[in-house]
Amino acid sequence: MVSVKSWLKSLYAIVFSLASAVVLAIVASFPLLYIFLKTTDITKITSFSAETIMGNYTQLMIYLLWPFQTVLKMSDFPTSVNGAQHFADVKVLFLLALGVFIVLGIFYRWILKDKLLSKSVLILGMIVPLIVVPFAVLNFDSFFIIFHETLFSNKDWLFDPATDPIINVLPETFFAATFAIGLLIYEVQLWFTLKKKKPNSDELGFFLFCFEIDKNNG
């Protein structure tokens with residue numbers, strides 16, 4: 001029977017992997033956006049150079065990641081009231097992911113030093129996100145809408161290019177690629193965690209754990 005300790009440590013590894021994926025995807029978004037700017041006609045359509053767009057994107061990301069900057073100000077892209085509110089909501093999520101990444105990262109080696117994890121919980125953690133991949137690939141627009149409606153309680157994420165022109169330089173394909181990178185990072189990190197775990201006599205940990213709880217309650 002998998003112990004509660006092993007189960008909780010596996011959840012710890014999953015949450016840390018998720019936070020790591022968000023943080024590293026944010027880092028990867030900088031060179032990714034530059035590649036998009038150099039390989040598409042975004043600069044021609046918007047009449048802004050790649051360097052100007054990257055400068056404004058950097059200003060945006062500094063606002064989103066620096067807790068002490070409370071006002072969003074981009075040099076060449078105005079922001080509407082609704083747009084500013086959406087970025088404020090995103091800032092909360094980014095700071096949460098960054099905080100979780102830092103805090104769990106500090107204790108990561110110590111918490112998981114014995115490598116006694118539940119294989120079934122880790123595998124479940126890898127499989128669940130992959131379930132949405134076919135849907136996201138076939139219809140990313142619908143996936144993008146559902147994603148935002150799940151995370152945000154308002155419609156401020158529906159940008160009007162006339163009032164929030166930053167959306168003109170951040171195409172849907174850029175977001176799709178960023179999502180893909182984040183998912184890849186998450187899956188790879190959990191895979192390495194799974195490979196490093198020590199053998200455990202229980203390979204049905206999560207399900208047996210739930211069954212045991214139900215039996216005891218009955």
Side-chain angles (χ1 to χ4, degrees), residues 11-37 42 52-108 125 128-129 132-133 136 140-141 143-161 163-190:
L11 289 180
Y12 183 102
I14 290 173
V15 173
F16 178 70
S17 297
L18 180 60
S20 300
V22 174
V23 173
L24 295 178
I26 290 172
V27 174
S29 73
F30 285 88
L32 183 63
L33 178 58
Y34 189 76
I35 291 173
F36 269 86
L37 295 176
I42 294 176
T52 297
I53 295 173
M54 289 303 302
N56 283 265
Y57 184 70
T58 299
Q59 291 173 335
L60 172 62
M61 297 309 292
I62 289 175
Y63 164 76
L64 294 177
L65 296 171
W66 185 243
F68 302 109
Q69 183 170 336
T70 58
V71 178
L72 172 59
K73 175 66 176 178
M74 290 180 282
S75 300
D76 303 282
F77 295 95
T79 306
S80 69
V81 174
N82 289 345
Q85 181 57 54
H86 175 63
F87 283 128
D89 294 338
V90 172
K91 181 183 181 77
V92 172
L93 296 179
F94 276 18
L95 290 179
L96 176 61
L98 185 59
V100 170
F101 173 74
I102 293 173
V103 173
L104 296 191
I106 292 174
F107 300 101
Y108 186 82
V128 170
V132 303
V133 170
F140 182 78
D141 186 56
F143 167 77
F144 193 69
I145 292 173
I146 293 173
F147 174 82
H148 279 77
E149 289 181 340
T150 301
L151 289 181
F152 305 105
S153 60
N154 52 50
K155 298 293 184 180
D156 293 335
W157 57 273
L158 292 170
F159 280 12
D160 182 351
T163 56
D164 291 289
I166 186 66
I167 197 64
N168 292 324
V169 300
L170 301 176
E172 186 177 284
T173 49
F174 166 72
F175 287 109
T178 305
F179 271 103
I181 290 174
L183 178 62
L184 179 62
I185 293 171
Y186 171 82
E187 294 291 334
V188 169
Q189 180 157 331
L190 269 190

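Predicted model, so just to flag it, every value in this text is computed and none were measured.
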**Request:** Drop me the distance from Asn82's CG to Asp164's CG, to the nearest 0.5 angstrom.
**Result:** 8.0 Å

**Complete:** side-chain contact (heavy atoms from CB on, under 4.5 Å) filter on Pro129, not counting sequence neighbours, yields Leu183, Tyr186, Glu187

**Item:** Distance (rounded to the nearest 0.5 Å) between Gln189 CD and Leu184 CG
**Value:** 11.5 Å

Side-chain polar contacts of residues 18-33 - donor-acceptor pairs under 3.5 angstrom, sequence neighbours left out - could you list them?
unit_1	atom_1	unit_2	atom_2	d
Ser20	OG	Phe16	O	2.7
Ser29	OG	Ile26	O	2.5
Ser29	OG	Tyr57	OH	2.7

**Prompt:** Is there a donor-acceptor pair closer than 3.5 Å between any side-chain N or O of Tyr12 and the backbone N or O of Leu104?
**Reply:** yes

**Asked** Do Thr79 and Ile166 have side chains that get closer than 4.5 Å, going by heavy atoms?
**Response** no

**Request:** Go through the structure and list residues passing salt bridge (charged side-chain N to carboxylate O under 4.0 Å, His left out) with Glu149, not counting sequence neighbours.
**Result:** Lys155

**Message:** Tell me every residue that passes ring-ring contact (aromatic ring centres under 6.0 Å, His included) with Phe144, counting only those two or more places apart in sequence or in another chain.
**Reply:** Phe140, His148, Phe175

**Prompt:** Atom CZ in Phe87, atom CZ in Phe94: separation rounded to 0.5 Å?
**Reply:** 9.5 Å

**Request:** Quick one: closest heavy-atom pair of Phe36 and Thr173, and the distance?
**Result:** CE2-OG1, 3.2 Å

**Message:** Quick check: closest heavy atoms across Gly125 and Ile14, and the distance to 0.1 Å?
**Reply:** CA-CD1, 3.9 Å

**Item:** Leu37 CG to Ile53 CD1 distance, which is reported to the nearest 0.5 Å
**Value:** 4.5 Å

**Message:** If I compare all heavy atoms of Ala13 with all of Leu190, which pair ends up nearest, and what's the gap?
**Reply:** O-CD2, 4.0 Å

**Request:** Could you tell me the separation between the CZ atom of Phe159 and the CD1 atom of Ile167, rounded to the nearest 0.5 Å?
**Result:** 6.0 Å

**Request:** Apply side chain to side chain contact (heavy atoms under 4.5 Å, CB included) to the pair Phe143 and Val133, showing each step before the final yes or no.
**Result:** CA-CA 10 Å; Phe143 167 77; Val133 170; over 6 Å; no

**Val169/Phe77 under side chain to side chain contact (heavy atoms under 4.5 Å, CB included): CA gap, chis, key distance, verdict** = CA-CA 10 Å; Val169 300; Phe77 295 95; 4.0 Å; yes

**Asked** Can you tell if the side chain of Pro171 reaches within under 4.5 Å of the side chain of Ile42, non-hydrogen atoms only?
**Response** yes

Under 3.5 Å, which donor-acceptor pairs do the side chains of residues 58-72 form with other protein atoms, sequence neighbours left out?
unit_1	atom_1	unit_2	atom_2	d
Thr58	OG1	Met54	O	2.8
Gln59	OE1	Ser75	N	2.8
Gln59	OE1	Ser75	OG	3.4
Gln59	NE2	Ser75	OG	2.8
Gln69	NE2	Val71	O	3.3

**Asked** Got a sec, which residues hit side-chain contact (heavy atoms from CB on, under 4.5 Å) with Ile102, two or more places apart in sequence or on another chain?
**Response** Leu98, Ile106

**Prompt:** Between Asp76 and Thr52, what is the shortest heavy-atom contact and its length?
**Reply:** OD2-CG2, 3.3 Å

